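Okay, so here's the structure we're looking at.
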Amino acid sequence: MSTLAQRYTEVQDRITAACAEANRSREGVSLIVVTKFHPVDLVAQLYELGHRDFGENKDQEAGPKALALEALLGETGRQDPANWHFVGQLQSNKVKSVLRYAHSVHSLDRPSLLAALAKETAKIAQMGEQAGLPAPAALEVFIELNLTEDPDRGGIRADDLLGFAEDVLKVPGIRLAGVMGVASLDQQPERDFAAIQAASIKLQGLAPQASFISAGMSGDFEVALRFGATHLRIGTAITGERQYTA
Ligand SMILES: *Cc1c(COP(=O)(O)O)cnc(C)c1O
């Protein structure tokens, strides 16, 4: 059985090789290690290996884990904080909590969530202003795409992308980074990754700076890299299998 450090190095090497093959610069690709269902010790081990970007998909798990990591790092006098990426479905009533630790939200999938993010980021900015603090860094967000034919599925459909993006761009506390998608497991991922890339090109016509693509997981990240992915969200290939029973 390979260790965490070995798996981490192997995945990094695979990313480097896939970038070379796709004629892309390795520096243009970020690896987010998705640590859901794994204890903070695993996050701390990856931090010790030099990793800083971690992903979680549930606030009730991510919040305590982010705090626990901060406490661990504090004990050892580490200054360089981790970046937490929220990648799962986000309920509006969890936004306030998520904003306490999240560096970015990859799953902006509906107007009501945008409204909740706008409201909470405005509140934080106002509180800071009253306290005489410098303006907080804008929250990095990705618009999650609905890649299916089913309009009831989560995510923004390609036809609605530009209209929704215009609303996102109006929110001062948010910085639109790009698009996010999860390729279907039932078919070859190429079709979905091509659709994500096409959506990204369309979005950049409106917002040239929103050029990031959050796509690619353990089973398909090399394909995602061929279709322009800039932010890979990789769990099991690095962490090992998740324990679904608590
Ligand atoms: C769990 C998860 C991942 C990582 O999945 P793996 O297959 O373990 O790499 C990526 N993205 C999202 C949104 C997830 O929930």
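Each ligand, and each atom within it, is numbered from 1 in the order the structure gives. Heavy-atom basis, side chains included; hydrogens, waters and symmetry copies ignored. Just so it is clear, the structure is predicted and the values come from calculations on it, not from any experiment.
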Q: Say whether R242 and ligand 1 are in contact under the criterion: heavy-atom distance to a ligand atom below 4.0 Å.
A: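 Yes, R242 has heavy atoms under 4.0 Å from ligand 1.
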In ligand 1, which numbered atoms sit nearer than 4.0 Å to a non-hydrogen atom of [X]?
X	result
I234	9 (O)
T236	6 (P), 7 (O), 8 (O), 9 (O)
S218	6 (P), 7 (O), 8 (O), 9 (O)
R233	4 (C), 9 (O), 10 (C), 11 (N), 12 (C), 13 (C)

Q.
Checking a contact table here: which protein heavy atom is nearest atom 5 (O) of ligand 1, and how many Å away?
A.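 Checked against all protein heavy atoms, atom 5 (O) of ligand 1 sits closest to M217 CE, 3.6 Å.
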(Q) With a 4.0 Å cut-off on N to O distance, would you call E61 and K65 a salt bridge? (A)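 Between K65 and E61 there is a salt bridge, with a charged N closer than 4.0 Å to a carboxylate O.
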Q. Would you call E190 and R226 a salt bridge, taking side-chain N to carboxylate O under 4.0 Å as the test?
A.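 Salt bridge: yes.
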Q: Report yes or no: is the cationic atom of R52 (NZ for Lys, CZ for Arg) closer than 6.0 Å to the six-membered ring centre of Y47, at no more than 45° off its axis?
A: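 That pair qualifies as a cation-pi contact.
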Q) Is the distance between the ring centroids of W84 and F54 under 6.0 Å? A)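 So the answer is yes for these two rings.
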Q.
Quiz question: by atom type and distance under 3.5 Å, do the side chains of T35 and E56 form a donor-acceptor pair?
A.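 Yes, a side-chain donor-acceptor pair sits under 3.5 Å.
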**Q.** Modelled atom types, side-chain donor and acceptor of T76 and R78, under 3.5 Å
**A.**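 No, no side-chain donor-acceptor pair sits under 3.5 Å.
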Q.
Before you tell me yes or no, could you show the steps for S107 and D109 under side chain to side chain donor-acceptor pair (under 3.5 Å), namely the whole-Å CA-CA distance, both residues' side-chain angles and the distance that decides it to 0.1 Å?
A. CA-CA 6 Å; S107 44; D109 60 354; over 6 Å; no
Q. Which is closest to atom 4 (C) of ligand 1 by heavy-atom distance: G88, G181, G235, A237?
A.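 Nearest option to atom 4 (C) of ligand 1, by heavy atoms: G235.
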Q: Record the part of V87 in heavy-atom contact with ligand 1 below 4.0 Å; permitted values are side chain, backbone, both and neither.
A: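 It is both parts that get close, each with some atom under 4.0 Å.
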Q: Answer with side chain, backbone, both or neither: which part of K36 has a heavy atom less than 4.0 angstrom from an atom of ligand 1?
A: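 Side chain only; the backbone of K36 stays clear of ligand 1.
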